[in-house]
Visitor: 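Can you keep this structure in mind? I'll have questions shortly.
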Amino acid sequence: MTQPVALSTRDGVAIITVDNPPVNALSPGVPEGILTALETAERDTSVRAIVLICAGRTFISGADIKELEEAARNPAAAPDLHPLLTRIEDCAKPVIMAIHGMALGGGLEVAMAGHYRVAAAEASVGAPEVNLGIIPGAEGTQRLPRLVGVAAAVEMCVSGRPIKAAQALQMGLIDRVIDGDLLSGAVAFAGEIAGQPVRKTREQNQKLGSASENAAIFAAGRAQAGKIRRNQTAPLAVLEALEAATTLPFDQGCKKEREIVRRVLAGDQAKAMIHIFFAERAVARVPGIPKETATYPIANVGIIGAGTMGGGIAMACANAGISVLLKETEQAALDRGMAGIRKNYDSSVKKGRFSQAVMDQRMALIHPQLTYDGFDKADLIIEAVFESMPLKKQIFGEIDKIAKPDCVLASNTSTLDIDEIAAATSRPHMVIGLHFFSPAHVMRLVEIVRGKHPSNEVVATSLAIAKRLGKVGVVVGNCRGFVGNRMMLPYMREAQFLVEEGSTPEQVDKALTDFGMAMGIFAVDDMGGIDLAYRVKQEYAYLRKPGERVPLVLDKLYEMGRLGQKRGMGWYRYDEGRAPIPDPEVHALIEKTANDAGIARRTITPEEIIERCVYIMINEGARILEEGHAQRAADIDVIYCTGYGFPGYRGGPMWYADTVGLKKVYARVQEFHKLYGHLWEPAPLLKKLADEGSSFAAWDAQKEK
Ligand code: NAI
């Protein structure tokens, strides 16, 4: 293996080059290599200054994430960059960090230990640690406020958002933006400052502000953390560490930072967020589909149906630079679809997300039409018409006649049997489900529904296209509701039982949002439409066992025309805003319905609400796993965190079950089974793992072997 760090010289300037593909992470060997090169350069009397630069596509992009995972298991094993950073800062010759690509996390921390930083115009820098439930742990919380001031440091560390070079220059985080060749620019810069006394970041205290100024900044930071990272511990921990920078001398501040890092690493949230980080990357590894499986190149996509989903999928494709044919049956529907797309893009331009020119480019990629013209050249066709089997079969029969042999044929169905749809074609091996979520240009999840037939190449192509659209594709089996909706149904049902037994919709929703769900289930129901929930309930009615308990209130809301947000009333009332307002009429309806049905009402605690709503999902998840309709418990976690608003800091439902302990979860499921009957029948896998004292994570690990 080649050395990850090399040393050369140019014009009396030593150049330390880190070359650790793919992203120059601080893996074992890299910090040591930098240290050795630095000491050699410092001793070399012909060297006046030192530049640290990276090969490949980016500056050091962060810590070695595998090491972080290990550190979450064993906080004492967290990598310690302290000696390297001190050595860099104490170097007698000026050290200039030359940044391109991204300097994130540990990368930014190394950069801040240098005496100067220069960056390519396209570069960005950031402290994204909060996204993993941790905080900068290599003195970043102590150096960053010294360079950019307390308010800017708070903003960067709490949001986790990277900033571009130009802004970093303004803030004082870098010293020059280099146009043209970065290394030449950095060497020239080194020549200018060589011989001047070095400037240590840790000795610069002038931006640390006064106690009273800082109190207001930290209070605002806490408020912001509560808003954008509700219930999360890392943003508060990072504020504590930044606060230490303003009240303690540098060395003591660093000591405090290390204490906080260890505490945060030992917590459940960091473990859960690191789990989800890895789980998102693992979903693309599909058993039986080797990494080298060929994929079909996708340049042209045909979409059938320009409704809610077809329009959203068209935007997702155009946003990724892919040309789209968008087919409808009638001009009016086509016009409506295109108007929706235009309105959406217009609003993004108004909000400054991208320019008018970008919008024009994207609009030009979407070709509305009423015929199949050009579909013979499409590499991928996605059907997004009404949810009707006869209609979908008809459409697949039509495209079978037109599409070229190597065109991937996908359906966006959310409930229908993909094998039955595939059977309407002469090439079931080319047919797959691509289940996008609404709004499809925003939501990151795509369930890739693998029936009996698709070839490995079709599955691999589906994974590749999801990635190209900036989404997370998770392969799931062809079962009713697939994975996400299949678990959602018992969750919704249980929530409705809870209101019949004594809660109000707002009490259930509050318990759920306090738990961390992005939205309460009744608010979700109102958003999706009570008519939709009603239809799904009707459709699945035949699956009910005799005597099975059925929720009673939903049908009444439907009959009353309380169809949800779109009608200004459903489980809640809505005025002009979209915030749900508790409605006494609904309370009365629930009470009367429960009384008429002889259901005893009682006070239900938030703990029970969470157990009933979440454990029923976990139980269903265990069944799905056992049947092989999801490959890993971690895949279910990814589905729930990316598509269903489950809090990432709890790692998804299956990870959460492990955190609670499967013995405990199973015991409660058994109790509910006794109380509420067969809907709570424990999944055999849950029982087995609980009996063995095992976990879903261990089950996943066992399968990977
Ligand atoms: P929608 O009703 O908004 O749009 C369906 C569109 O298909 C309509 O514009 C209709 O004119 C068009 N259409 C019908 N027959 C056609 C044909 N022969 N050729 C071309 N266009 C035709 O429906 P939506 O919500 O977009 O759903 C589409 C599919 O996506 C359904 O299978 C649904 O289950 C699925 N889905 C919907 C989600 C949602 O949240 N709305 C989420 C995930 C999947």
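Both ligands and their constituent atoms are indexed starting at 1 by order of listing.
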Visitor: Just by distance, no angles: are the side chains of Trp571 and Gln496 close enough, under 3.5 Å, to form a donor-acceptor pair?
Guide: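 Looking only at side-chain atoms, Gln496 and Trp571 do not form any donor-acceptor pair under 3.5 Å.
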
Visitor: Applying ring-ring contact (aromatic ring centres under 6.0 Å, His included), name anything that partners Phe354, two or more places apart in sequence or on another chain.
Guide: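 Once residues adjacent in sequence are excluded, the partners of Phe354 under the ring-ring contact (aromatic ring centres under 6.0 Å, His included) criterion are Tyr345.
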
Visitor: When rounded to the nearest 0.5 angstrom, what is the spacing between CD1 in Ile590 and CG in Leu557?
Guide: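 Rounded to the nearest 0.5 Å, the CD1-CG separation comes out at 7.5 Å.
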
Visitor: Is the Lys NZ or Arg CZ of Arg612 less than 6.0 Å from the centre of Phe497's six-membered ring, within 45° of the axis?
Guide: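 Negative - Arg612 is either too far from the ring of Phe497 or too far off its axis.
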
Visitor: Between Lys566 and Tyr574, does the side-chain contact (heavy atoms from CB on, under 4.5 Å) criterion hold? Intermediate values first, please.
Guide: CA-CA 9 Å; Lys566 60 187 165 199; Tyr574 299 85; over 6 Å; no

Visitor: Can you tell me which residues line ligand 1 if we count any heavy atom under 4.0 angstrom from one of its atoms, in chain and number order?
Guide: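 Within 4.0 Å of ligand 1, the protein residues are Ile304, Gly305, Gly307, Thr308, Met309, Lys327, Glu328, Thr329, Ala333, Ala384, Val385, Phe386, Glu387, Leu391, Lys392, Ile395, Asn412, Thr413, Ser414, His435, Phe436, Ser438.
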
Visitor: Does Phe482 have Arg486 sitting over its ring (NZ/CZ under 6.0 Å from centre, angle to axis within 45°)?
Guide: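 Judged by the rule (NZ or CZ under 6.0 Å from the ring centre, within 45° of its axis), Arg486 is not positioned above Phe482.
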
